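Have a look at the structure below before the remarks.
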There are 2 protein chains.
Amino acid sequence: MGYRTRQGDMILECLKAQGSRHMTVEDIRAALRDKGESVGQATVYRHLDRLVREGVAVRYAGAGGQGACYQYTGCGEDVRAHYHLVCSGCGRMIHMECGLMDEVTTHLLEHHQFRVDRFRTVISGLCRQCADKRS
Amino acid sequence: MGYRTRQGDMILECLKAQGSRHMTVEDIRAALRDKGESVGQATVYRHLDRLVREGVAVRYAGAGGQGACYQYTGCGEDVRAHYHLVCSGCGRMIHMECGLMDEVTTHLLEHHQFRVDRFRTVISGLCRQCADKRS
DNA sequence: TTCAATGCAAAGCTTTTGCATAAAG
DNA sequence: CTTTATGCAAAAGCTTTGCATTGAA
């Protein structure tokens with residue numbers, strides 16, 4: 001399902017190379033441009049949507065309401081269920097495997113008729129270090 | 001600094017009347033239209049920006065990069081805690097005020113050293129209707 | 001009378017879509 | 001050869017800006 005292309009590989013590489021940092025669509029295009037490559041913006045959007053759908057990346061709103069941020073998670077569909085916490089201070093991502101969150105998933109389904117998509121859900125907040133720094 | 005106007009008062013009233021719920025710019029215009037009032041969208045944006053700057057309201061990103069959400073805070077009083085569920089099928093947003101989620105907030109802080117920001121956190125998934133439609 | 005606020009329309013952004021062309025399998 | 005991916009440009013949202021006009025003080 002889906003052909004493998006040079007552009008797709010390059011976009012994924014770009015995200016991976018950023019480690020715990022997120023990138024906007026323009027960040028990605030700029031990074032590719034620096035390597036002498038040019039990829040259409042529609043193509044970037046289409047690949048990022050796919051990566052998010054597959055759980056390889058997450059998408060969340062950037063500061064100030066501007067363009068969306070994308071970040072590599074390094075986990076595919078077959079990885080054990082977990083949620084992603086992203087620190088809005090340092091950008092670090094925490095993979096959270098926890099019984100309580102499994103309970104939440106079940107609770108939302110049974111009591112709120114809502115089927116959570118863990119791959120699209122990003123819990124935003126501050127990690128310990130960043131929270132300390134601000135108080 | 002600034003004149004007091006009918007439009008400004010009406011917009012603030014609108015937000016206040018929603019209590020712990022947020023509104024988009026269009027929600028506000030629609031509510032005013034229901035009262036037989038018509039306020040230009042630029043005016044609504046300008047007032048909301050001001051209210052956010054003054055700390056009277058907060059702004060956060062809505063679903064999938066769509067319109068921003070604004071919520072009355074009551075000048076520093078705590079906004080009543082709730083999480084946002086967004087259906088990726090129909091785009092509808094569900095406000096979830098629930099004891100279990102309060103527990104989650106506490107749990108994340110105490111066991112994962114993570115301070116959740118409810119306004120930036122959007123739980124993505126499918127609502128009942130959309131889930132049924134797809135199976 | 002003065003100066004800020006309004007409303008409209010135009011402009012700016014980000015993201016999506018349609019379609020002919022190129023590339024993968 | 002068939003099907004998917006690409007890239008361009010156009011379209012589609014949301015938000016901001018410019019400017020003549022209205023309304024507050």
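A quick note: this is a predicted structure, and the numbers were derived from the prediction, not measured. Hydrogens, waters and symmetry mates are skipped; everything else that's a heavy atom, side chains included, is used.
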Any donor-acceptor N/O pair under 3.5 Å between D/dT3 base and A/Tyr3 side chain: yes
Interatomic distance where CZ belongs to A/Arg6 and P belongs to D/dT6 [whole Å]: 10 Å
Integer-rounded Å distance: C/dC8 C1' and B/Tyr45 OH: 15 Å
NZ/NE/NH1/NH2 to OD/OE distance under 4.0 Å, A/Arg53 and A/Asp49: no
Connected via hydrophobic side-chain network under 4.5 Å: B/Leu126 and A/Leu109: no
Short side-chain N/O contact to D/dT6 OP1/OP2 from A/His47, under 4.0 Å: yes
Side-chain N or O of B/Gln41 closer than 4.0 Å to phosphate OP1/OP2 of D/dT16: no
Salt bridge A/Glu26-A/Arg33, side-chain N to carboxylate O under 4.0 Å: yes
Net bend of the helix from C/dT1-D/dA25 to C/dG25-D/dC1, end axes of five pairs each, nearest 10 degrees: 30°
Ring geometry between A/His84 and A/His82 (parallel below 30°, tilted from 30 to 60°, perpendicular above 60°): perpendicular
Flag for B/Thr105-B/Asp102: side-chain donor and acceptor within less than 3.5 Å: no
Distance, rounded to the nearest Å, where B/Arg4 contributes CZ and C/dT6 contributes P: 13 Å
Nucleotide nearest B/Thr43 (side chain, heavy atoms from C-beta), chosen from D/dT15, C/dG7, C/dT15: C/dG7
Whole-Å gap separating C1' (D/dT6) and CE (A/Met10): 11 Å
Between D/dC14 (P) and B/Arg29 (CZ): distance, integer Å: 12 Å
Nearest-angstrom distance from the residue atom CG of A/Asp49 to C1' of D/dA5: 14 Å
Can you tabulate the close N/O pairs, meaning under 3.5 Å, that link protein atoms to atoms of nucleotides 18-21 of chain D?
none

A/Leu108: which of B/Leu100, B/Ile94, B/Ile123 passes side-chain contact (heavy atoms from CB on, under 4.5 Å): B/Ile123
Length of the line joining B/Arg59:CZ and D/dT15:P, which is rounded to integer Å: 6 Å
Modelled atom types, side-chain donor and acceptor of A/Tyr60 and A/Gln71, under 3.5 Å: yes
Residue-phosphate contact under 4.0 Å: A/Thr5 side-chain N/O, C/dA24 OP1/OP2: no
Nearest atoms (heavy-atom pairs only) where B/Met23 meets B/Cys14: SD-O, 3.6 Å
Touch class at under 4.0 angstrom, heavy-atom based, for A/Ser38 against every strand present: sugar-phosphate
Non-hydrogen side-chain atoms of B/Glu103 and B/Met101 separated by less than 4.5 Å: no
Rounded distance in Å - CG (B/Asp27) to P (D/dT15): 11 Å
Nearest-0.5 Å distance that lies between atom OH in B/Tyr72 and atom CD in B/Glu13: 8.5 Å
Any A/Gln7 side-chain nitrogen or oxygen under 4.0 Å from OP1 or OP2 of C/dA23: no
